[in-house]
Trainee: 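Shown below is the structure under consideration.
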Amino acid sequence: MSKKLTTRSENYSKWYNELVVMADLAENSSVRGCMVIKPYGYAIWEKIQQELDSKFKETGHYNAYFPLFVPKSLFEAEEKNAEGFAKECAVVTHYRLKNDEENPGKLVVDQDSKLEEELIVRPTSEAIIWRTYKNWIQSYRDLPILLNQWANVVRWEMRTRLFLRTAEFLWQEGHTAHATKKEALEETKLIIDLYANFVENFMGIAVLSGLKSDSEKFAGAEETYCIESLMQDGKALQAGTSHFLGQNFAKAFDVKFADKDGKLDHVWATSWGVSTRLMGALIMSHGDDNGLVLPPKLAPYQVVIIPIFKSESELSDISDYVNPLIDEIRKNGITVKYDNRLNHKPGFKFNEHEVKGVPIRIAVGPRDLKEKSLEIFRRDKMQKKVLKFSDAMSEISFLIDDIQNELLNASKKHMDDNTSTAKSYDEFKEMIETGGFVLAHWDGTVETENKIKQDTKATIRCIPFDKKNPGKCIVTGKSSECQVFFAKSY
RNA sequence: CGGGAUGUGGCGCAGCCCGGUUAGCGCACACGGCUGGGGGCCGUGGGGUCGCAGGUUCAAAUCCUGUCAUCCCGACCA
């Protein structure tokens, strides 16, 4: 691993300050591990939302919204799910404050307002949604239900980490109900493929996709499919998951439907989600020492034009010069910002947009007006060149595609270069120490998985969908259906 | 939740070990001038009571106790 660019890198503030800051709201605050997303960071999140939304809609899904609070009795209905999340739930026990008689001007919880039943702030919405689906589903004619919700959830983690594990985070969670197992499994696969496609082609991040082992799967799921990406420091990051829930939630919430023959059966379910963690993946995949690097499809603005001028009349001449180009860029469906602020110097602006990762920068000054030229710069490779003004549009169009492609290529190359195959356990340990993915045979048991985790801190990141190359487990020598991907992970 | 570290103007830090003038520096900010093809320069100025609570002391940013938060390592996790 040549670079160690991570969320914990020394360049921390350079990476993130344009996007988010950790919430620092009050003295003695227990709003711990929450982030404030700044406008530029939120603009990136909105891009992610828009693209995913359109893909969900193309595949027949609709958005809906369900309550933030989950009554404890609902939450505990699906036992495995409840058990899995119990340790990290924020719980609402009272609904009123009153003046503190001993401390004028201060408030205390009104003990008379204790709730009969505690409310859990959703760590995920299966429970409340399946309680609702119970009332919506009677017949096979009511199926499938294909819903998605954009929401915030709260998981009171022991240890938080900016972007990757904040106590409150934004995500989308899909929850579908189906008449058959086959259909639910197809949905689970459809979504993981949709995610993989999105993360690769929109965000420019190479991913692996496959199955989670039993110990890594979602609490309450029969099977969990995942996409895993490899960060620059050689650690893996789970970027999205899609769960086949079987009939677990339908049984827990007694959701049955009558099929064509009038026979009652429990409904089959899936759930799936991606979160603001994707923004962490973005930063850790593409960022460099100069700050963020955004793939054009994700950039709040793809091109920035910086005029170089001494006086306002000079600025006005430059504006006349570049305005036709700005119009043309927009006509081509590319977003552009003309940074004609008077209160910052060009050098400052260059730097600011570099830190923000704007894919393409154009600089225009008096010299260019004379020579009918402009300077164009691509952020990913930090290369600039001077062009004839008349060639600008075609170069911009080329760069928009080229930067998008090159980022994915670089990400794929990084993953390929750092994926190796271990033939023995000793070799495996060495490879894990180096970083990256290690493919190895595994006998399929939890015991072996745990041993590997204890010895090396590596976990099974994913099991390929086609299990087609039998061999012998590197630890026990027992037979193995296929090689699986191991890595140390976030 | 266990181990370690940190908390000082908006941001980043020094000072703390060995208590003692008016708590200092860089960046940022405001004003003025010179500048202007890569985070400009010079000058002037404003802003902090040292996370919070308590204790020791003539005297606390500095010592002690508690507490909250953050970061790192572990366990746990999208």
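Everything numeric here is computed off the predicted structure, so don't read it as measured data. We name chains A, B, ... by the order of the sequence lines, and we start the count at 1 in each one.
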Trainee: Please, what dot-bracket string fits RNA chain B when only Watson-Crick and G-U pairs with both distances under 3.5 Å count, crossing ones use [ ] and pairs to another strand use |?
Mentor: ((((((((.[[[[.)....(...]]]].((((((.....)))))).....[[[[[..)....]]]]])))))))....
Trainee: Heavy atoms, side chains only, cut-off 4.5 Å: are A:Glu354 and A:Met382 in contact?
Mentor: yes
Trainee: Given atom NZ of A:Lys385 and atom P of B:G38, what is their separation to the nearest angstrom?
Mentor: 20 Å
Trainee: For the P atoms, the ones on B:C42 and on B:U35, what distance do you get once it is rounded to whole angstrom?
Mentor: 15 Å
Trainee: How far does the P atom of B:C31 sit from the matching atom of B:G39, given to the nearest Å?
Mentor: 22 Å
Trainee: Kindly assign one of parallel, tilted or perpendicular to the pair A:Phe437 and A:Phe485, based on the angle between their ring planes and the thresholds 30° and 60°.
Mentor: perpendicular
Trainee: Using whole Å, report how far CG of A:Leu164 lies from C1' of B:A78.
Mentor: 9 Å
Trainee: With under 30° as parallel and over 60° as perpendicular, where do the rings of A:Trp130 and A:Tyr133 fit, or are they tilted in between?
Mentor: perpendicular
Trainee: Does A:Phe169 reach a base, just sugar-phosphate, or nothing at all? Heavy atoms under 4.0 Å.
Mentor: base
Trainee: Look at the side chain of A:Lys345 and decide which nucleotide, out of B:A78, B:U35, B:G38, has an atom nearest to it.
Mentor: B:U35
Trainee: Quote, to the nearest angstrom, the C1' distance that separates B:C68 from B:G54.
Mentor: 14 Å
Trainee: Can you check the A:Asn450 CG to B:C76 C1' distance for me, whole Å?
Mentor: 14 Å
Trainee: Considering only atom C1', compute the distance from B:G19 to B:A61 and round it to an integer number of Å.
Mentor: 10 Å
Trainee: Heavy atoms only: give me the nearest A:Thr276-A:Phe163 pair and the separation to one decimal.
Mentor: O-CD2, 3.7 Å
Trainee: What are the residues of residues 314-324 of chain A, sorted by number, that bring a heavy atom to within less than 4.0 Å of RNA chain B?
Mentor: none
Trainee: Does A:Ser411 reach the main-chain N or O of A:Ala206 with its side chain, forming a donor-acceptor pair under 3.5 Å?
Mentor: yes
Trainee: In whole Å, measure the gap between the P atoms of B:C25 and B:U44 for me.
Mentor: 13 Å
Trainee: Output the rounded distance in Å from NZ (A:Lys87) to C1' (B:C76).
Mentor: 6 Å
Trainee: For A:Ile403 and A:Pro296, work out which heavy atoms get closest and say how close.
Mentor: CG2-CD, 3.7 Å
Trainee: Does the side chain of A:Lys457 get closer than 4.0 angstrom to OP1 or OP2 of B:G74 through an N or O atom?
Mentor: yes
Trainee: Closer than 4.0 angstrom, basic N to acidic O: yes or no for A:Glu216 and A:Arg461?
Mentor: yes
Trainee: Counting the atoms with a prime plus P, OP1 and OP2 as sugar-phosphate, which does A:Ser275 contact under 4.0 Å by heavy atoms, base, sugar-phosphate, or nothing?
Mentor: base
Trainee: Side-chain donor-acceptor pair under 3.5 Å between A:Glu173 and A:Ser125, yes or no?
Mentor: yes
Trainee: Examine distances only and state if a side-chain atom of A:Lys217 and a backbone atom of A:Glu222 form a donor-acceptor pair shorter than 3.5 Å.
Mentor: yes
Trainee: Expressed as a whole number of Å, how far does the P atom of B:A53 sit from that of B:G9?
Mentor: 15 Å
Trainee: Should the pair A:Glu371-A:Lys388 be classified as a salt bridge under the 4.0 Å nitrogen-to-oxygen rule?
Mentor: no
Trainee: Taking only residues two or more places apart in sequence, or in another chain, which ones meet A:Ser242 in a side chain to side chain donor-acceptor pair (under 3.5 Å)?
Mentor: none
Trainee: Side chain of A:Glu354, base of B:G39: donor and acceptor closer than 3.5 Å?
Mentor: no
Trainee: Would you mind telling me which residue lines up with the more 5' stretch of RNA chain B, A:Gly240 or A:Ser311, judged by nearest nucleotide?
Mentor: A:Ser311
Trainee: List the residues meeting side chain to side chain contact (heavy atoms under 4.5 Å, CB included) with A:Val92, not counting sequence neighbours, and say none if there are none.
Mentor: A:Phe69, A:Leu115, A:Leu119, A:Val121
Trainee: Quote, to the nearest angstrom, the C1' distance that separates B:G48 from B:C1.
Mentor: 36 Å
Trainee: For residues A:Glu187 and A:His61, is any side-chain donor paired with an opposing acceptor at under 3.5 Å?
Mentor: yes
Trainee: Side chain of A:Thr166 only, heavy atoms from C-beta on: which candidate in B:G38, B:A78, B:G37 is closest?
Mentor: B:A78
Trainee: Looking for any heavy atom pair under 4.0 Å, which part of the strands does A:Phe85 touch: base, sugar-phosphate only, or nothing?
Mentor: nothing
Trainee: Do the side-chain N or O atoms of A:Lys217 get closer than 4.0 angstrom to the phosphate oxygens (OP1, OP2) of B:A78?
Mentor: no
Trainee: For RNA chain B, which residues of residues 359-370 of chain A approach it to below 4.0 angstrom with any heavy atom?
Mentor: A:Arg361, A:Ala363, A:Gly365, A:Pro366, A:Arg367, A:Asp368
Trainee: So which atom in A:Phe202 and which in A:Lys47 form the shortest heavy-atom distance, rounded to 0.1 Å?
Mentor: CE2-O, 4.0 Å
Trainee: Which whole-number value in Å describes the distance from A:Ile48 CD1 to B:A78 P?
Mentor: 19 Å
Trainee: Taking the six-membered ring of A:Tyr425 as reference, does the NZ or CZ atom of A:Lys429 fall below 6.0 Å from its centre and within a 45° cone about the axis?
Mentor: yes
Trainee: So, A:Lys349 side chain and A:Arg341 main chain: donor-acceptor pair closer than 3.5 Å or not?
Mentor: yes
Trainee: Could you go over nucleotides 1-7 of chain B and give all protein N or O partners under 3.5 Å, atom names and distances?
Mentor:
none

Trainee: Side chain of A:Val355 only, please: which of B:G39, B:C76, B:G38 is the nearest?
Mentor: B:G39
Trainee: Output the single nucleotide from B:C76, B:G36, B:G38 whose closest atom is nearest the side chain of A:Lys310.
Mentor: B:G36
Trainee: Work out how far the P atom of B:G26 is from that of B:U21, and round it to whole angstrom.
Mentor: 22 Å
Trainee: A:Glu157 CD to B:C76 P: how many Å, rounded?
Mentor: 12 Å
Trainee: Whole Å only: how far is the CH2 atom of A:Trp156 from the C1' atom of B:A78?
Mentor: 17 Å
Trainee: Taking OH from A:Tyr490 and C1' from B:G74, how many angstroms apart are they, rounded to a whole number?
Mentor: 16 Å
